[in-house]
Chemist: 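Submitted below is the structure of interest, expressed as structure tokens.
As a basis for the values below, the full set of heavy atoms in this structure was taken, side chains included, without hydrogen atoms, waters or symmetry mates.
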Amino acid sequence: CVPDPNDTIWLECTSQHSPCGYLGGFTEGRDVLMIDQGNSRLIRTRALGLDENVKKSMAEIRFDETGMGSMNIRTTYSGLDYDDIQSIFLADDQDQVKMISDRMTFPLFQLVDFNYEETGSRNPVITEEIQVNFENFLTVINSRYIMPLNCTGHATGSPAAVRNRKTDVILRHEFLEVDSLVFFIPESLKIGSIPENAEVSSQFGTYRSSVIPDENKLIYIRTLQFNRGDFPVSSYTELIDFMDRVIMADHDKCVFVRNE
């Protein structure tokens with residue numbers, strides 16, 4: 001580290017790619033031994049905060065009544081989310097195509113174009129831009145056209161149920177996800193029904209989603225926040241319930257009918 005009267009700069013000595021002064025998920029918020037002649041001591045590295053661990057997505061989705069369409073999405077990753085996306089950013093083109101495709105939620109799609117840019121700093125940001133064409137986006141049942149609202153990646157993997165758990169629940173990191181999706185409704189369809197706004201709150205975090213009709217558009221906004229902390233063992237079932245409800249809300253759907 002580089003001691004400074006106002007702010008100590010921590011240097012990552014094992015990464016060839018992370019910017020100077022950036023502490024990733026492996027080294028942030030940890031006890032470390034500072035060697036300082038006769039004053040060596042244990043200190044703690046700075047933990048990345050909620051305003052730094054942020055993933056923000058903005059997407060425009062256009063489709064027709066057959067379920068064919070396109071999506072343009074722009075996502076910024078900072079903090080621990082920067083760590084998560086860095087492997088794709090550093091990969092070659094062929095591996096990038098595979099890694100991006102593995103994240104897509106459309107039943108059938110073609111990756112048209114993609115681009116990555118990095119802004120280096122002590123809190124670096126990677127910006128990702130992706131364009132895809134897709135098919136079979138709508139499910140038709142009795143003249144009702146059903147469309148999933150979250151098509152940019154939903155929560156998965158609720159914690160496993162454990163009987164007689166002995167240890168506390170420890171969440172080392174806090175982070176925020178914000179997704180804003182604009183769906184352009186084709187002239188042949190109109191809104192039949194939309195889900196109610198969802199809100200799930202617990203000591204572990206907060207989830208909110210809302211659906212806003214706007215003329216020929218449908219705007220879907222989703223936020224998911226996780227809190228850092230140590231929680232008693234008795235709260236484990238609450239964590240499972242929180243994640244189950246988030247996963248359920250992430251599968252909300254909108255229904256269209258023909259515009260006759």
Side-chain angles (χ1 to χ4, degrees), residues 17-19 22-25 28 46-62 70-91 96 99-106 109 111-132 134 148-157 171-184 197-201 204-212 214 217-228 242-243 246-247 249-252 254:
H17 306 289
S18 296
Y22 171 69
L23 291 180
E28 59 92 38
R46 187 179 69 88
L48 295 172
L50 185 65
D51 59 336
E52 297 168 295
N53 300 327
V54 180
K55 179 174 78 73
K56 289 186 177 181
S57 297
M58 298 186 65
E60 292 187 350
I61 298 100
R62 292 172 167 80
S70 64
M71 177 180 73
N72 289 277
I73 180 169
R74 183 179 189 270
T75 306
T76 57
Y77 303 84
S78 63
L80 298 177
D81 291 292
Y82 167 88
D83 286 0
D84 292 340
I85 200 66
Q86 193 182 53
S87 60
I88 301 180
F89 171 72
L90 296 173
Q96 283 182 329
M99 297 165 81
I100 293 170
S101 299
D102 288 342
R103 294 161 48 209
M104 290 292 115
T105 60
F106 297 106
F109 67 90
L111 182 59
V112 178
D113 195 15
F114 61 89
N115 183 62
Y116 290 91
E117 291 185 2
E118 180 183 32
T119 302
S121 68
R122 292 179 66 179
N123 186 28
V125 177
I126 289 179
T127 300
E128 172 189 69
E129 295 180 335
I130 295 175
Q131 180 183 354
V132 298
F134 55 78
L149 288 164
N150 187 345
C151 58
T152 58
H154 44 71
T156 59
L171 301 184
R172 284 197 58 225
H173 308 296
E174 56 187 355
F175 63 86
L176 176 67
E177 296 179 359
V178 182
D179 301 308
S180 301
L181 284 64
V182 179
F183 297 90
F184 290 83
N197 294 346
E199 181 169 348
V200 184
S201 297
F204 303 105
T206 305
Y207 172 96
R208 294 185 180 91
S209 67
S210 59
V211 185
I212 306 167
D214 181 19
K217 298 190 292 286
L218 196 65
I219 302 171
Y220 172 71
I221 301 174
R222 170 191 182 271
T223 62
L224 174 61
Q225 174 183 323
F226 267 95
N227 303 325
R228 177 194 293 115
F242 174 69
M243 287 305 305
V246 168
I247 292 170
D250 263 352
H251 286 82
D252 276 347
C254 174

Chemist: My understanding is that only residues two or more places apart in sequence, or in another chain, count here; which of them pass side-chain hydrogen bond (donor to acceptor under 3.5 Å, both in side chains) with N115?
Modeler: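 N115: no side-chain hydrogen bond (donor to acceptor under 3.5 Å, both in side chains) contacts found.
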
Chemist: V211 vs C254, test: side chain to side chain contact (heavy atoms under 4.5 Å, CB included). Steps then yes/no.
Modeler: CA-CA 9 Å; V211 185; C254 174; 5.8 Å; no

Chemist: So, taking the atom named CG in L80 and the one named CD in E174, what distance separates them when rounded to the nearest 0.5 Å?
Modeler: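 Output value for this atom pair is 9.5 Å.
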
Chemist: Apply side-chain hydrogen bond (donor to acceptor under 3.5 Å, both in side chains) to H154 and list each qualifying residue two or more places apart in sequence or on a separate chain.
Modeler: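 Testing H154 for side-chain hydrogen bond (donor to acceptor under 3.5 Å, both in side chains), a comparison that skips the adjacent residues, returns none.
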
Chemist: Identify, with sequence neighbours excluded, every residue that meets side-chain hydrogen bond (donor to acceptor under 3.5 Å, both in side chains) alongside R62.
Modeler: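 side-chain hydrogen bond (donor to acceptor under 3.5 Å, both in side chains) list for R62, sorted by chain: E60.
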
Chemist: Tell me, do I85 and K55 make a side-chain contact under 4.5 Å, heavy atoms counted?
Modeler: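 Contact flag for I85/K55 side chains = no.
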
Chemist: Less than 4.5 Å apart, any side-chain heavy atom of F114 and any of I100?
Modeler: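 F114 vs I100: side chains touch.
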
Chemist: Could you work out, with ring-ring contact (aromatic ring centres under 6.0 Å, His included) as the rule, every residue matching Y220, not counting sequence neighbours?
Modeler: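 In terms of ring-ring contact (aromatic ring centres under 6.0 Å, His included), with neighbours along the sequence ignored, Y220 is linked to no residue.
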
Chemist: At what distance, to the nearest 0.5 angstrom, does CD of E128 lie from OG of S57?
Modeler: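 Nearest 0.5 Å value for the CD-OG distance: 7.5 Å.
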
Chemist: Do the non-hydrogen side-chain atoms of V132 and L111 ever get within less than 4.5 Å of each other?
Modeler: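 They are in side-chain contact.
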
Chemist: Rounded to the nearest 0.5 Å, how far apart are CG of L176 and CD of E52?
Modeler: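 So the CG of L176 and the CD of E52 are separated by 12.5 Å.
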
Chemist: Within the 4.5 Å heavy-atom criterion, are L149 and L181 side-chain neighbours or not?
Modeler: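 Heavy-atom side-chain distance check fails, nothing below 4.5 Å.
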
Chemist: Can you name the side-chain contact (heavy atoms from CB on, under 4.5 Å) partners of I219, sequence neighbours left out?
Modeler: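 Partners of I219 by the side-chain contact (heavy atoms from CB on, under 4.5 Å) criterion, ordered by chain and then number, come out as V182, I212, D214, I221.
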
Chemist: Under the rule for salt bridge (Lys or Arg N to Asp or Glu O under 4.0 Å), what residues qualify as partners of D250, not counting sequence neighbours?
Modeler: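 Here the qualifying residues are R222.
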
Chemist: Taking side-chain hydrogen bond (donor to acceptor under 3.5 Å, both in side chains) as the test, write out the residues that go with T127, two or more places apart.
Modeler: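 With sequence neighbours excluded, T127 shows a side-chain hydrogen bond (donor to acceptor under 3.5 Å, both in side chains) to no residue whatsoever.
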
Chemist: May I ask you to decide if the ring planes of F106 and F134 are parallel, tilted or perpendicular, using 30° and 60° as cut-offs?
Modeler: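 Plane angle under 30°, so parallel.
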
Chemist: Suppose we screen for salt bridge (Lys or Arg N to Asp or Glu O under 4.0 Å). Which residues come up paired with D113, at least two apart in sequence or across chains?
Modeler: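 Expected list: none.
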
Chemist: With sequence neighbours left out, what residues match K56 under salt bridge (Lys or Arg N to Asp or Glu O under 4.0 Å)?
Modeler: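 Salt bridge (Lys or Arg N to Asp or Glu O under 4.0 Å) list for K56, sorted by chain: empty.
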
Chemist: Got more than 12 heavy atoms from elsewhere within 6.0 Å of CE, M104?
Modeler: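 Counting neighbours around CE of M104, more than 12 heavy atoms of other residues, nucleotides or ligands fall under 6.0 Å, so yes.
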
Chemist: Does anything in residues 70-91 pair up under salt bridge (charged side-chain N to carboxylate O under 4.0 Å, His left out), and if so which pairs, sequence neighbours excluded?
Modeler: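 Residue pairs passing salt bridge (charged side-chain N to carboxylate O under 4.0 Å, His left out), neighbours aside: R74-E129.
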
Chemist: Quick one: salt bridge (Lys or Arg N to Asp or Glu O under 4.0 Å) partners of E117, sequence neighbours excluded?
Modeler: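 Applying salt bridge (Lys or Arg N to Asp or Glu O under 4.0 Å) to E117 gives none.
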
Chemist: In this structure, is the centre-to-centre distance between the rings of F226 and F242 below 6.0 Å?
Modeler: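 Yes: the rings meet the under 6.0 Å criterion.
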
Chemist: Just jot down the side-chain contact (heavy atoms from CB on, under 4.5 Å) partners of E118, sequence neighbours excluded, or say none.
Modeler: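 Expected list: P19, Y82, F89, I126.
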
